[in-house]
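We count ligands from 1, going down the list as the structure has it; atoms in each ligand are counted the same way.
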Amino acid sequence: MEYVLQTNNLSKVYAGKYVVDHVNMNIKRGDIYGFIGKNGAGKTTLIRLIAGLALPTQGDIQLFGSTGLDEQRRRIGTTIENPALYPSMTARQNLEYYVRLYGIPEKDAVDNILELVGLENTNKKKSKNFSLGMKQRLSIAISLLGNPDFLMLDEPTNGLDPFGIKQMRELLLELNKKGITILISSHILGELSKIATVYGIINNGVLVEEFNKNDLEERCKRCIKIKVDDTRKAITIIEDKLSTVEFDVLPDNIIRLFSHTEQVSEVNKQLVLGDVAVESIALAGQDLEGYFVELMEGKDND
Ligand code: ADP
């Protein structure tokens with residue numbers, strides 16, 4: 001498996017406190033990595049370490065499988081230190097300025113990128129008159145000028161309205177389709193869940209968990225969790241009386257039933273009528289936001 005980024009015990013101490021605390025982060029080629037944490041959790045600091053805008057106190061970074069970071073960082077695009085947008089310039093003029101600044105050879109780069117970020121029809125409009133979403137997309141356009149393989153975006157949807165969020169989402173999916181691996185930080189899980197393929201959750205500088213989209217769906221799946229004395233007997237009743245095979249069996253005689261979630265008492269009644277002892281029965285699973293909050297609260301209480 002090809003990794004775009006791996007960190008090993010990466011840490012940053014500010015004023016005697018670990019704001020990034022021994023982080024082992026893994027991002028594979030093609031991922032859209034949703035980097036989630038509350039404000040102050042350490043997301044920006046971690047991204048700055050990767051981009052080379054801050055020095056680690058401890059630990060290592062590998063980019064594209066190499067520790068030659070100066071070379072590899074040229075393959076990263078980021079909006080972290082927002083490239084200055086010149087307010088009295090149009091989108092095209094802004095991009096052309098950076099093309100000259102970076103000495104980018106391709107003549108078509110500006111046209112292609114303007115179209116990609118959906119700013120091709122802004123004509124003479126000056127960037128000071130852009131909506132926040134348009135400004136964000138222009139910043140991303142500038143970060144795309146170096147033709148990056150890996151894009152790191154720090155809260156790119158912050159402050160955007162639902163339409164701006166949707167446009168940003170579509171842009172990121174488009175970029176990913178073109179082969180760009182993306183790290184996108186946010187404090188709102190629900191928003192990321194529409195595009196992320198992998199998640200990393202950071203809390204107080206600690207990378208609490210990394211998991212993929214399927215894991216998350218599995219963990220959040222709504223079901224009735226039933227603990228019984230005899231799983232075989234219970235399964236027969238579920239299949240015969242409730243006419244469903246949408247269940248699985250976990251250790252400790254626990255059955256998760258993914259249908260009938262609005263009919264908990266009926267399920268209970270059928271099991272009891274079938275002479276199964278039901279030790280516990282309850283709805284489980286939640287939406288993504290709920291899962292995130294629960295995960296964070298659990299960690300805060302540690
Ligand atoms: P997030 O991006 O998740 O909101 P940050 O990485 O910005 O979190 O901040 C993490 C912690 O590090 C915060 O407590 C913040 O105050 C602290 N911090 C960030 N940058 C500095 C700095 N340059 N000097 C001192 N403390 C900092």
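Note: an N/O pair closer than 3.5 Å links T45 and ligand 1 by distance alone. For T44, a nitrogen or oxygen atom sits less than 3.5 Å from a nitrogen or oxygen atom of ligand 1, counting backbone and side chain alike.
Around atom NZ of K126, no more than 12 heavy atoms belonging to other residues, nucleotides or ligands sit under 6.0 Å away.
Aromatic ring orientation, F64 versus F150: perpendicular (interplanar angle above 60°, classes split at 30° and 60°).
Only the backbone of K38 comes within contact range of ligand 1, with a heavy atom under 4.0 Å; no side-chain atom does. Only the side chain of V19 comes within 4.0 Å of ligand 1, counting heavy atoms alone; its backbone N, CA, C and O stay farther away.
In this structure, K125 is not positioned above the aromatic face of F130 in the sense of NZ or CZ being under 6.0 Å from the six-membered ring centre and within 45° of the axis.
Distance from atom 8 (O) of ligand 1 to its nearest protein heavy atom, with residue and atom name: G42 N, 3.1 Å. Among protein heavy atoms, the minimum distance from atom 14 (O) of ligand 1 is reached at G40 O, 4.2 Å. Nearest non-hydrogen protein atom to atom 18 (N) of ligand 1 is Y14 CD1, 3.7 Å.
Inside a 4.0 Å radius of atom 25 (C) of ligand 1 there is at least one protein heavy atom. By the definition of a contact as any protein heavy atom under 4.0 Å away, atom 4 (O) of ligand 1 is in contact.
Between the side chains of Q58 and N9, no donor N or O sits under 3.5 Å from an acceptor N or O. Using a 3.5 Å distance cut-off with no hydrogens or angles, the side chains of Y199 and E209 do not pair a donor with an acceptor. With hydrogens and angles left out, the side-chain atoms of S11 and D21 include no donor and acceptor closer than 3.5 Å.
In the vicinity of A41, heavy-atom distances shorter than 4.0 Å reach the ligand 1 atoms 1 (P), 3 (O), 8 (O). Near N39, with a cut-off below 4.0 Å to any heavy atom, the atoms of ligand 1 are 4 (O). Ligand-side atoms of ligand 1 in range of K43: 1 (P), 2 (O), 3 (O), 4 (O), 6 (O), 8 (O), range being under 4.0 angstrom from any heavy atom.
The CD atom of E155 lies 10.5 Å from the OG1 atom of T79; values are rounded to the nearest 0.5 Å.
Comment: E170 does not engage K194 in a salt bridge, judged by the lack of any side-chain N to carboxylate O separation of less than 4.0 angstrom.
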